[in-house]
A.B. asks: 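Encoded as structure tokens, here's the structure I'll be asking about.
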Amino acid sequence: MVAQLQRSQTETTRITPLMIEVIDLKKRFGVQEVLCGVDIAVPAGTTTVILGGSGQGKSVLMKHMIGLEMPDSGEVRINGRNIVGLGGRALNDLRADFGMVFQNAALFDSMNVFDNVAFPLRERTKLSKQQIAAKVRGKLELFSLDASVEKKYPAELSGGMRKRVGLARATILDPKIILYDEPTTGLDPITTDQVDEMIMTAKEKLGITSVVISHDISSAFRIADQICFLYGGRIVEAGPPEVFKRTRHPEVKRFLASWFEEER
Ligand SMILES: Nc1ncnc2c1ncn2[C@@H]1O[C@H](COP(=O)(O)OP(=O)(O)OP(=O)(O)O)[C@@H](O)[C@H]1O
Ligand SMILES: [Mg+2]
């Protein structure tokens with residue numbers, strides 16, 4: 001199994017350099033071992049989807065990729081550079097290349113929608129007020145949010161709208177890497193399709209590298225170059241969708257079977 005995993009990963013990685021590489025990552029919280037040696041290789045300009053049951057450590061793993069959590073051991077390489085142990089300033093610089101869509105949208109409650117989306121531009125660029133306004137409006141439009149929501153506060157929005165505002169904010173600086181923690185959970189099918197389209201367009205037009213945590217298997221098969229399954233603190237299956245579908249791992253089979261049941 002491990003050999004098969006390594007083979008399928010080397011096959012993808014031989015073609016393009018790796019943007020993200022997670023090597024033997026281990027993390028425990030107290031007595032709970034959440035990550036027990038995770039390996040993932042994400043080639044530049046591709047989309048990797050991470051699947052797995054609730055509580056398996058997907059969000060924890062993703063936070064390690066951007067230095068929001070530090071492991072007990074192992075490495076996280078971004079563009080070849082190990083970020084484990086980096087300090088605040090270096091991490092801050094690194095994060096300029098990242099956009100992250102958090103599972104719970106994580107908007108600033110005291111700021112309206114416009115200010116939430118404009119925040120990274122004000123923090124990291126010297127754009128004029130007009131330029132900022134134009135960018136923010138363009139991005140909100142991209143996610144089907146019209147001008148009437150600009151002045152609203154997060155508490156006044158539906159869950160799906162908050163999610164879309166979170167997506168607008170994560171992509172406002174046009175980052176090289178975007179990490180999405182369940183970007184479509186709670187969205188209606190049309191908006192889900194739009195988010196999927198956006199992830200695919202970002203890859204095709206801008207060469208963006210994406211890592212997406214998802215519960216939605218049909219969307220995973222649509223957008224992924226590679227699907228990884230996290231179970232028992234390890235990636236137990238990884239490969240392109242068509243290979244992934246033919247998994248022999250019992251837990252992955254069970255996961256896929258429950259989805260086929262639902263589809264019927
Ligand atoms: N900061 C923390 N301190 C202690 N335990 C934590 C912390 N963060 C996560 N955990 C624990 O680690 C485990 C994995 O959590 P995580 O949020 O990564 O799961 P997940 O796979 O993203 O689940 P879901 O699909 O429900 O979002 C859980 O048992 C969680 O309680
Ligand atoms: Mg999670």
Side-chain angles (χ1 to χ4, degrees), residues 5 20-40 42 47-76 83-86 88 91 95 98-107 154 159-160 162-167 169-170 177-187 191-192 195-196 199 210-224 226-238 244 247 249-259 261-262:
L5 186 73
I20 304 173
E21 198 176 8
V22 174
I23 304 165
D24 200 19
L25 202 72
K26 294 183 181 162
K27 177 72 173 178
R28 58 164 67 232
F29 293 109
V31 291
Q32 190 191 3
E33 226 180 335
V34 178
L35 306 177
C36 314
V38 170
D39 294 292
I40 294 186
V42 180
T47 299
T48 291
V49 173
I50 299 175
L51 295 176
S54 187
Q56 290 291 327
K58 302 181 298 298
S59 295
V60 168
L61 171 61
M62 184 165 270
K63 285 179 189 157
H64 280 84
M65 292 179 179
I66 192 175
L68 285 172
E69 289 280 2
M70 283 295 165
D72 299 323
S73 65
E75 289 185 15
V76 176
I83 66 161
V84 171
L86 284 188
L91 278 178
R95 285 189 194 130
F98 275 91
M100 175 144 182
V101 181
F102 290 92
Q103 189 161 6
N104 54 7
L107 300 174
R162 273 203 291 276
K163 200 119 216 179
R164 283 181 279 155
V165 175
L167 284 162
R169 191 178 62 186
I177 306 169
I178 309 182
L179 307 179
Y180 303 86
D181 195 347
E182 306 215 8
T184 57
T185 305
L187 297 183
T191 320
T192 297
V195 172
D196 285 352
I199 296 171
S210 301
V211 180
V212 185
I213 295 175
S214 181
H215 272 132
D216 184 338
I217 298 182
S218 51
S219 133
F221 282 131
R222 203 145 77 98
I223 64 173
Q226 167 183 234
I227 302 179
C228 299
F229 193 86
L230 183 64
Y231 177 71
R234 290 193 175 82
I235 299 298
V236 295
E237 188 67 273
F244 190 84
T247 181
H249 193 281
E251 203 55 43
V252 187
K253 272 177 139 170
R254 215 180 344 255
F255 194 86
L256 292 178
S258 67
W259 169 67
E261 283 287 300
E262 262 173 46

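Keep in mind that the numbers below use all heavy atoms, side chains included, and drop hydrogens, waters and symmetry copies. Counting starts at 1 for both ligands and their atoms, in listed order.
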A.B. asks: Are Ile40 and Ile20 side-chain neighbours, meaning at least one heavy-atom pair lies under 4.5 Å?
C.D. replies: no
A.B. asks: Over 60° means perpendicular and under 30° means parallel, so tell me whether Phe244 and Phe229 are parallel, tilted or perpendicular.
C.D. replies: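 Correct class here is tilted.
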A.B. asks: N/O to N/O below 3.5 Å, does that happen between Gly57 and ligand 1?
C.D. replies: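 Yes - when backbone and side-chain N and O of Gly57 are compared with those of ligand 1, one distance drops under 3.5 Å.
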A.B. asks: Using a distance threshold of 4.0 Å (strictly less than), state whether atom 14 (C) of ligand 1 has a protein heavy-atom neighbour.
C.D. replies: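 Answer yes: something from the protein, a heavy atom, is under 4.0 Å.
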A.B. asks: Please list the nearest protein heavy atom to atom 25 (O) of ligand 1 with its residue and the distance rounded to 0.1 Å.
C.D. replies: Lys58 NZ, 2.8 Å
A.B. asks: Give a yes/no on ligand 1: does Gly53 have at least one heavy atom closer than 4.0 angstrom to it?
C.D. replies: yes
A.B. asks: Evaluate side-chain contact (heavy atoms from CB on, under 4.5 Å) for Glu21 paired with Val42, printing each intermediate quantity in order.
C.D. replies: CA-CA 6 Å; Glu21 198 176 8; Val42 180; over 6 Å; no
A.B. asks: Do you see an N/O/S atom of Ser54, backbone or side chain, under 2.8 Å from the Mg ion (ligand 2)?
C.D. replies: no
A.B. asks: Using a 4.0 Å cutoff against the non-hydrogen atoms of Gln56, which atoms of ligand 1 qualify?
C.D. replies: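 Answer for ligand 1: 19 (O), 21 (O).
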A.B. asks: Mind checking whether Val34 contacts ligand 1 via backbone (N, CA, C, O), side chain (CB onward), both or neither, at a 4.0 Å heavy-atom cut-off?
C.D. replies: side chain
A.B. asks: To check your reading of the model: name the closest protein heavy atom to atom 27 (O) of ligand 1, its residue, and the distance in Å.
C.D. replies: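 Heavy-atom neighbour on the protein nearest atom 27 (O) of ligand 1: Gln103 NE2, 2.8 Å.
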A.B. asks: Looking only at protein heavy atoms, which one is nearest to atom 17 (O) of ligand 1, and how far off is it?
C.D. replies: Ser59 CB, 3.7 Å
A.B. asks: Note the single closest protein heavy atom to atom 1 (N) of ligand 1, along with its residue, its atom name and the distance in Å.
C.D. replies: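 So the nearest neighbour among protein heavy atoms is Phe29 CE2, 3.6 Å.
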A.B. asks: For atom 26 (O) of ligand 1, what's the nearest protein heavy-atom neighbour? Residue, atom name and distance, please.
C.D. replies: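 Checking every protein heavy atom, the shortest distance to atom 26 (O) of ligand 1 gives Ser54 OG, 2.5 Å.
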A.B. asks: Quick check on His215 - does any of its heavy atoms sit under 4.0 Å from an atom of ligand 1?
C.D. replies: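 Distance cut 4.0 Å: His215 passes for ligand 1.
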A.B. asks: I need the single residue from Val49, Asp216, Asp196, Thr47 that forms a side-chain contact (heavy atoms from CB on, under 4.5 Å) with Arg222. Which is it?
C.D. replies: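 Output: one option passes, namely Asp196.
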A.B. asks: Answer whether the closest heavy-atom distance between the side chains of Leu51 and Leu230 falls below 4.5 Å.
C.D. replies: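 Leu51 vs Leu230: side chains apart.
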A.B. asks: Going by the order shown, which atoms of ligand 1 are within less than 4.0 Å of some heavy atom of Gln32?
C.D. replies: 11 (C), 13 (C), 28 (C), 29 (O)
A.B. asks: Looking at ligand 1, is there an atom of it that comes within less than 4.0 Å of some heavy atom belonging to Gly55?
C.D. replies: yes
A.B. asks: Would you give the length of the straight line joining atom CG of Asp24 to atom OG of Ser73, rounded to the nearest 0.5 angstrom?
C.D. replies: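 OG of Ser73 is found 6.0 Å from CG of Asp24.
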A.B. asks: Among protein heavy atoms, which sits nearest to atom 9 (C) of ligand 1, and what does the distance come to when rounded to 0.1 Å?
C.D. replies: Val60 CG2, 3.5 Å
A.B. asks: Check if Met62 has a non-hydrogen atom at a distance under 4.0 Å from any atom of ligand 1.
C.D. replies: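 The answer is no: ligand 1 sits nowhere under 4.0 Å from a heavy atom of Met62.
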